[in-house]
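For the numbers below, each heavy atom of this structure counts, side chains included, while hydrogens, waters and symmetry mates do not. Since the structure is predicted, the reported quantities are computational estimates derived from the model, not experimental observations.
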Amino acid sequence: MPKLYLKEYAHALAGREVFIACREGILRDHFQEIISDIKFLTRFGARTTLLHNMPNRFANQKRIRQLETRLPETRLVRINPEIDFYDAVLGHSESMYKVIFLERRYLIDRQGYKINAVTTGRVREALEDFGDLIANVNFKGAMACICQKIEAGHCERVHILPAGKHTIKHELFTVEGTGTLIANNFEESFHPVESDDQVDIVFRILSMYRRAGYLKPRSKAYIMEHRKCFFVTAIDGIVVGCVERKIVDDRTVELGALAISTRFRNQRVGVYTVKSFMALMAAQGYTRFISLTNNPRLEVLYTQMGFVQQSLPEYARRQAESPDVRMFFKILE
């Protein structure tokens, strides 16, 4: 089960309004699970609004009463089933901090992979590519409206989640997330590891790559002991990537343990992390950078950033420690 980082993520939600939009069929199928997740949000300080289009007929009276009884701190908004649900949700309030659409599934690309986090620009570019794969036909039209609302500055975050147990909780309080996040105002920062909590997140991110066979194991005790050598990239104050500084000689530094949370792959977070690390090291007098990896994603990243795959004689000792791993090299001009 994903680990919850309550203190870090709850701080960003406290006092903010979160809109949860759920169509009748999904609300029926996941009624208790949705209630539990909304109660969890209110417990951590979020102001919640549930928008649904469940008809006000006799068969639904019990569920409607349960919503009112079990979610006393949540504003309940029933949308007329005869009108377009998505237009009504997006037009409900001019300013909306976070909107969560509970659907049958998240967005996927043509290869069937989950789209984790994406900007509106990339949504527009890729809409033709993944549009046919959106399970709910009516939701295709909503994508353009979502982009317009975000670009107009009237909404900061839109999440598209597969309804289910803990889906909202895991989307908002874990590193991995559960669905697709659409936003334009990601605030990036790069700095040394600052706390034990950040050590824990770094360990979790590295563990994902270790299980994939791309990194040598690094225990939490190791990261804690060498925390001055670890740097992190944070988005909106939450750690999503890391890199380890390994001094080779007085002019060379190795980028070790470079890893980005799967949530933010393909968002140029890796480029930002490498550039920020190199700028910081260059300010300290280092002009040569090496990295050893067999991770295909990192190999592409390094090549795009001007690294050359090359095992230089002066780094033979380091290469011997990882004889079957390719070395990438770059020198600053």
Inset, instruction - Would you mind checking if R16 and E156 are paired as a salt bridge, meaning a charged N to carboxylate O distance below 4.0 Å? - result: yes
Tabulate below the donor-acceptor pairs under 3.5 Å that side-chain atoms of residues 279-291 make, not counting sequence neighbours, or state none.
from: R288; atom 1: NH1; to: E314; atom 2: OE2; distance (Å): 2.9
from: S291; atom 1: OG; to: L255; atom 2: O; distance (Å): 3.0
from: S291; atom 1: OG; to: Y302; atom 2: OH; distance (Å): 2.8

Legend entry - Whichever hydrophobic residues join V300 through chains of side-chain contacts under 4.5 Å: none
Legend entry - Point-to-point distance, once rounded to the nearest 0.5 Å, from CD1 of I35 to CZ of R70: 4.5 Å
Inset, instruction - Among R23, K165, R63, R104, find the residue that satisfies the salt bridge (Lys or Arg N to Asp or Glu O under 4.0 Å) test when tested with D29. - result: R104
Inset, instruction - State, yes or no, whether a side-chain contact exists between I260 and T273 at a heavy-atom distance under 4.5 Å. - result: yes
Legend entry - Expected output: side-chain E188 to main-chain I235 donor-acceptor under 3.5 Å: no
Legend entry - Spacing of CE belonging to M143 relative to CD1 belonging to I146, to within rounding of 0.5 Å: 5.5 Å
Legend entry - Hydrophobic cluster identity match, F329 and V271, side-chain contacts under 4.5 Å: no
Inset, instruction - Let me see the working for T49 and E17 under side-chain hydrogen bond (donor to acceptor under 3.5 Å, both in side chains), right down to the final yes or no. - result: CA-CA 7 Å; T49 296; E17 188 159 16; 2.7 Å; yes
Inset, instruction - Determine, for E254 against K330, whether the closest basic-nitrogen to carboxylate-oxygen distance falls under 4.0 angstrom. - result: no
Inset, instruction - Assess the pair F203 and Y222: is the distance between their ring centroids shorter than 6.0 Å? - result: no
Inset, instruction - May I ask whether L332 and F231 are part of the same hydrophobic cluster, defined by side-chain heavy atoms of I, L, V, M, F, W, Y residues being less than 4.5 angstrom apart, directly or through others? - result: yes
Inset, instruction - Would you indicate whether the side-chain heavy atoms of I182 and V123 approach each other to under 4.5 Å? - result: yes
Inset, instruction - Name the orientation class of the two ring planes belonging to F40 and F173 (parallel below 30°, tilted from 30 to 60°, perpendicular beyond 60°). - result: perpendicular
Inset, instruction - Give a yes or no on whether V193 and I223 share a hydrophobic cluster (residues Ile, Leu, Val, Met, Phe, Trp, Tyr; joining criterion: side-chain heavy atoms under 4.5 Å apart). - result: yes
Inset, instruction - Would you please test I201 and V199 for side chain to side chain contact (heavy atoms under 4.5 Å, CB included) and show each step? - result: CA-CA 6 Å; I201 297 177; V199 167; over 6 Å; no
Legend entry - Closest non-hydrogen atom pair between L206 and A257, with its separation: CD2-O, 3.7 Å
Inset, instruction - Check whether any side-chain heavy atom of T180 sits under 4.5 Å from a side-chain heavy atom of L161, and report yes or no. - result: no
Legend entry - Min side-chain heavy-atom separation H159-F101 under 4.5 Å: no
Legend entry - Mutual orientation of the aromatic rings belonging to F277 and F190 [parallel < 30°, tilted 30-60°, perpendicular > 60°]: perpendicular
Inset, instruction - Determine, using ring centers only, whether F230 and H226 are less than 6.0 Å apart. - result: no
Inset, instruction - Show your reasoning for whether side chain to side chain contact (heavy atoms under 4.5 Å, CB included) applies to K220 and E225. - result: CA-CA 9 Å; K220 191 180 297 185; E225 181 182 353; over 6 Å; no
Inset, instruction - Could you check T252 against Y315 for side-chain hydrogen bond (donor to acceptor under 3.5 Å, both in side chains), going step by step and ending with a plain yes or no? - result: CA-CA 10 Å; T252 309; Y315 307 125; 2.7 Å; yes
Inset, instruction - Kindly indicate whether the side chain of F328, heavy atoms from C-beta on, has any atom under 4.5 Å from the side chain of V308. - result: no
Legend entry - Gap separating the CG atom of L172 from the NZ atom of K169, nearest 0.5 angstrom: 11.5 Å
Inset, instruction - Examine distances only and state if a side-chain atom of T42 and a backbone atom of E73 form a donor-acceptor pair shorter than 3.5 Å. - result: no
Legend entry - Residue pair M54, L67: steps toward the side chain to side chain contact (heavy atoms under 4.5 Å, CB included) verdict: CA-CA 11 Å; M54 185 176 289; L67 288 176; 5.6 Å; no
Legend entry - N/O donor-acceptor pair under 3.5 Å between N60 side chain and P55 backbone: yes
Inset, instruction - Please examine the side chains of V202 and R218, heavy atoms only from C-beta on, and report whether any two atoms are closer than 4.5 Å. - result: no
Legend entry - Residue pair N53 / E24: nearest heavy atoms and the distance that separates them: OD1-N, 2.7 Å
Inset, instruction - Kindly indicate whether the side chain of M305, heavy atoms from C-beta on, has any atom under 4.5 Å from the side chain of V274. - result: yes
Inset, instruction - Could you tell me which non-hydrogen atom of I168 sits nearest to which non-hydrogen atom of D37, and how far apart they are? - result: N-OD2, 2.7 Å
Legend entry - Non-hydrogen side-chain atoms of V77 and H52 separated by less than 4.5 Å: no
Inset, instruction - Scan for salt bridge (charged side-chain N to carboxylate O under 4.0 Å, His left out) pairs involving residues 319-328, sequence neighbours excluded, and state none if there are none. - result: E299-R326, R318-E321
Legend entry - Donor-acceptor contact present, side-chain S322 to main-chain V325, <3.5 Å: no
Inset, instruction - Tell me whether L27 is reachable from L71 by hopping between hydrophobic residues (I, L, V, M, F, W, Y) whose side-chain heavy atoms are closer than 4.5 Å. - result: yes
Legend entry - CA sep, side-chain torsions, deciding dist, call: N184, T119, side-chain hydrogen bond (donor to acceptor under 3.5 Å, both in side chains): CA-CA 5 Å; N184 283 346; T119 63; 4.5 Å; no
Legend entry - Spacing of CD1 belonging to I247 relative to SG belonging to C229, to within rounding of 0.5 Å: 7.5 Å
Inset, instruction - Check for a donor-acceptor pair, side chain of T178 on one end and backbone N or O of T167 on the other, with a separation under 3.5 Å. - result: yes
Legend entry - C145 side, atom SG; I150 side, atom CD1 - distance, nearest 0.5 Å: 11.5 Å
Inset, instruction - Determine whether L181 and V240 fall in the same hydrophobic cluster, where Ile, Leu, Val, Met, Phe, Trp and Tyr are linked whenever their side-chain heavy atoms lie under 4.5 Å apart. - result: yes
Inset, instruction - Can you measure from CG (L90) to SG (C155) and round to the nearest 0.5 angstrom? - result: 7.5 Å
Legend entry - Heavy-atom pair of closest approach, residues I205 and A259: CG2-CB, 3.8 Å
